[in-house]
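So the structure is just underneath, and the comments pick up after that.
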Amino acid sequence: MDYQAVLHQIADDVAPLVGRGTPAAYIPALADVDPSRFGMAVADLDGKVYGVGDWQRPFSAQSITKVFTLALALARGGDSLWEHVGREPSGNPFNSLVQLEYENGIPRNPFINAGALVVTDRLQTLTGDASSELLEFLREETGNPELAFDAVVAESESAHGDRNAALAHFMASYGNIANDVPTLLDHYFWQCAIEMSCADLALAARFLARHGLRADGTRLLTRSEAKQINAVMLTCGTYDAAGDFAYRVGLPGKSGVGGGIVAVVPGRCTLCVWSPGLDARGNSVAGVAALDRFTTLTGLSVF
């Protein structure tokens, strides 16, 4: 597969869409990101990376990091995690409080904010320092020791994090949060504020294409656990647009409001695309189109 040629074709095809949409205005530190940016990278199973555009430019990974926190929590704590968070699409916005009350404080899935808070809470209990554990894992998988938190973004999220605080306190009232809420929120905001490039994220996600094997060949997840995460990404990874994303792209994917989307082709490669302009559901306009073109041009999908 000539991934480099495919990426150049995609960049040409989606150029008219780059700049459409709006950066995430509800996080002030992200509101001023240049919407004309576009980058895309593909990493094969051996770690060779192909890229186009701003593929080496770091951006705020945001909710994409929820994939890696989930993998670490599952690897260290096992299936008991699923007693605290579900695996079903929510059909509601990612920061919604609606379902929690009539579902007794159990979030629908790990990729909405409530579910990600539960997963971070579990990882905090297992490791004592969830955000640092995540950052170290990402540095090891990418081979990039320079990966870091963006303190400005973390502080911006904390200053405007009332909805997440409400979610955490509400779940704590049902006994579904073990750590004190301020500590949990701190780790959650810092985890979302990690800066990574398309190349970094494509490399970091390779264990999902490698059926649970890390970059050094050791096993993080069983094949079954890797399949589980890919399945939840396919059905729940792009907020309340997951059905449309599965229909158009046909790959497990996870988006973030920083404008990035990671996608996995099990047994073949991983991808990341970044373009900060978001649609009404919080997904990158040009990013979704680029992944759609990738599966069309290559014929690679899970179907």
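This structure is a prediction, so every number in the text was calculated from the model and none was measured. Below, all heavy atoms of this structure are taken into account, side chains as well, without hydrogens, waters or symmetry copies. Along the sequence shown, residues carry numbers from 1.
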(message) Using the rule side chain to side chain contact (heavy atoms under 4.5 Å, CB included), only one of I229, T120, T65 pairs with L70; which is it?
(response)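 Exactly one pass, corresponding to I229.
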(message) Going by side chain to side chain donor-acceptor pair (under 3.5 Å), name the residues that satisfy it together with R108, two or more places apart in sequence or in a different chain.
(response)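 Here the qualifying residues are E103.
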Quiz question: by atom type and distance under 3.5 Å, do the side chains of [X] and [Y] form a donor-acceptor pair?
| X | Y | answer |
| --- | --- | --- |
| K227 | S224 | no |
| Q4 | H8 | yes |
| D129 | T127 | no |
| N283 | S255 | yes |
| N109 | S90 | no |
| S80 | R122 | yes |

(message) Do K66 and Y188 make a side-chain contact, defined as non-hydrogen atoms from C-beta onward lying under 4.5 Å apart?
(response)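 K66 vs Y188: side chains touch.
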(request) Identify whether the distance between the nearest side-chain nitrogen and carboxylate oxygen of R139 and E146 falls below 4.0 Å. (result)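 Result for this pair is no, no salt bridge flagged.
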(message) Could you go through E141 and L203, starting from their C-alpha distance and side-chain angles, then the distance that decides it, and tell me whether this counts as side-chain contact (heavy atoms from CB on, under 4.5 Å)?
(response) CA-CA 7 Å; E141 292 306 289; L203 285 169; over 6 Å; no
Nearest-0.5 Å distance, [atom1] of residue [X] to [atom2] of residue [Y]:
| X | Y | atom1 | atom2 | result |
| --- | --- | --- | --- | --- |
| L123 | F137 | CG | CZ | 11.0 Å |
| Q9 | D2 | CD | CG | 11.5 Å |
| L117 | H169 | CG | NE2 | 11.0 Å |
| L208 | R206 | CG | CZ | 11.5 Å |
| R210 | L220 | CZ | CG | 11.5 Å |
| M40 | W55 | CE | CH2 | 13.0 Å |

(request) Determine which pairs satisfy salt bridge (Lys or Arg N to Asp or Glu O under 4.0 Å) with at least one residue from residues 74-89, sequence neighbours left out, and list them in order. (result)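 As it turns out, the salt bridge (Lys or Arg N to Asp or Glu O under 4.0 Å) pairs with a partner in residues 74-89, which skip direct neighbours, are R76-E133.
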(message) The test is side-chain contact (heavy atoms from CB on, under 4.5 Å); show your working for T295 and L251 and say whether it passes.
(response) CA-CA 8 Å; T295 54; L251 293 174; 3.6 Å; yes
(request) Start with the C-alpha distance between H160 and I27, add both sets of side-chain angles, then the distance that settles side-chain contact (heavy atoms from CB on, under 4.5 Å), and finish with yes or no. (result) CA-CA 7 Å; H160 297 82; I27 301 173; over 6 Å; no
(message) Please check this pair: side chain of W274 against backbone of G258, looking for a donor-acceptor N/O pair closer than 3.5 Å.
(response)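 Indeed, once roles are kept as given, a pair shorter than 3.5 Å links the two residues.
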(request) Kindly give the heavy-atom pair with the smallest separation between F111 and C236, and that separation in Å. (result)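 Looking at all heavy atoms of both residues, the shortest contact is CB-O, 3.8 Å.
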